[in-house]
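The structure displayed is predicted, hence computed values, not measured ones. We use all heavy atoms of the structure for the numbers below, so side chains are in, but hydrogens, waters and symmetry mates are not.
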Amino acid sequence: MYPKSFAKRRLFLATALLLGCIGCDRITKNYATQSLQGEPPISVCADTVRLCFALNPGGFLSVGSQLPDEIRRQSFIVLNVGLMFGVALFLLFKRDLPLSFFMALILVLSGGIGNLIDRLWNNGLVTDFINLGIGPLRTGIFNVADVALMLGAAGIAYHSWRHGQLSSQSPNQSH
């Protein structure tokens, strides 16, 4: 078990990252709603970044957007609440997580909460406004909460892969 001071530092780090990510997400979504809604896309960095307002009724890459409105809205809200509650409980009760894995889960939690707030305030819709690409090769439109979710998912995948690599080494090979 870790000392109390370590637990306090993790709590501070988790709180700062959660508030920072959720706050940044809210500020940028408010900016997008006020400045980009009804306007043509803004192109920056030689059109590598486009800022364009969109309301996404679905999940990642609009998955589920074709469902009937009330079923879609309730399904995404219930699914999001359940997943975020599960992640939060895991973080509360699993206190010996490696810091990288802990931080990845906090990123997932903050991104999920950011998009949940949007769904609750926007009748089940999520505000998206960032599009990246070069020429015709472009991403879907996303937001800051999505970036936190993707970074968290990448961190979890990397940690899981790395942990698998280390545990598959024989005791003579490990460092």
- prompt: Do Lys29 and Val144 have side-chain heavy atoms sitting under 4.5 Å apart?
  reply: no
- request: Nearest 0.5 Å please: distance from the CG atom of Leu51 over to the OG atom of Ser35.
  value: 10.0 Å
statement: dist Ile130:CD1 -> Cys52:SG (nearest 0.5 Å) comes out at 9.5 Å
field: Inter- and intrachain pairs under ring-ring contact (aromatic ring centres under 6.0 Å, His included), touching residues 91-111, at least two apart
entry: Phe101-His159
message: Could you measure the distance from the CG atom of Asn143 to the OG1 atom of Thr127? Nearest 0.5 Å is fine.
response: 7.5 Å
- request: Compare all side-chain heavy atoms of Thr139 with those of Arg50 and state whether any distance is below 4.5 angstrom.
  value: no
- prompt: Rounded to the nearest 0.5 Å, what separation is found between the CD1 atom of Ile22 and the CG atom of Leu109?
  reply: 7.0 Å
task: State the CG-CG distance between Leu13 and Leu18, to the nearest 0.5 angstrom.
output: 10.0 Å
- prompt: Are Ile156 and Leu99 connected in a single hydrophobic cluster, I mean Ile/Leu/Val/Met/Phe/Trp/Tyr linked by side-chain heavy atoms less than 4.5 Å apart?
  reply: yes
- prompt: Side chain of Asn115, backbone of Asp118: donor and acceptor closer than 3.5 Å?
  reply: no
query: Could you give the distance from CG (Asn131) to CD1 (Ile42), rounded to the nearest 0.5 Å?
result: 13.0 Å
- request: Kindly work out whether a path of hydrophobic side-chain contacts (I/L/V/M/F/W/Y, heavy atoms less than 4.5 Å apart) joins Leu116 to Val126.
  value: no
message: Under a plain distance cut-off of 3.5 Å, with no hydrogens placed, do Asp69 and Asn123 share a side-chain donor-acceptor pair?
response: no
field: Leu151/Met103 under side chain to side chain contact (heavy atoms under 4.5 Å, CB included): CA gap, chis, key distance, verdict
entry: CA-CA 10 Å; Leu151 287 173; Met103 297 304 292; over 6 Å; no
message: Is there a path of hydrophobic side-chain contacts, each under 4.5 Å between heavy atoms of I/L/V/M/F/W/Y residues, joining Leu67 to Leu120?
response: no
field: Pair listing, ring-ring contact (aromatic ring centres under 6.0 Å, His included) test, anchored in residues 113-147, at least two apart
entry: none
- prompt: Quick one: do Tyr31 and Val49 end up in the same hydrophobic cluster if we chain Ile, Leu, Val, Met, Phe, Trp and Tyr together by side-chain heavy atoms under 4.5 Å apart?
  reply: yes
field: Backbone of Cys21 reached by a side-chain donor or acceptor of Asp25 within 3.5 Å
entry: no
Please list every donor-acceptor pair under 3.5 Å in which a side-chain atom of residues 74-88 meets a protein atom from a residue at least two apart or in another chain.
unit_1 : atom_1 : unit_2 : atom_2 : d
Gln74  : NE2    : Glu70  : OE2    : 2.9
Ser75  : OG     : Ile71  : O      : 2.6
Asn80  : ND2    : Gly112 : O      : 3.2

message: Taking Leu89 as the starting point, is it possible to reach Leu105 by hopping between hydrophobic residues whose side chains are less than 4.5 Å apart?
response: no
Side chains of Leu97 and Arg10 in contact at under 4.5 Å (non-hydrogen atoms): yes
field: side chain to side chain contact (heavy atoms under 4.5 Å, CB included) between Ile141 and Asn56, intermediate numbers included
entry: CA-CA 9 Å; Ile141 302 172; Asn56 182 0; over 6 Å; no
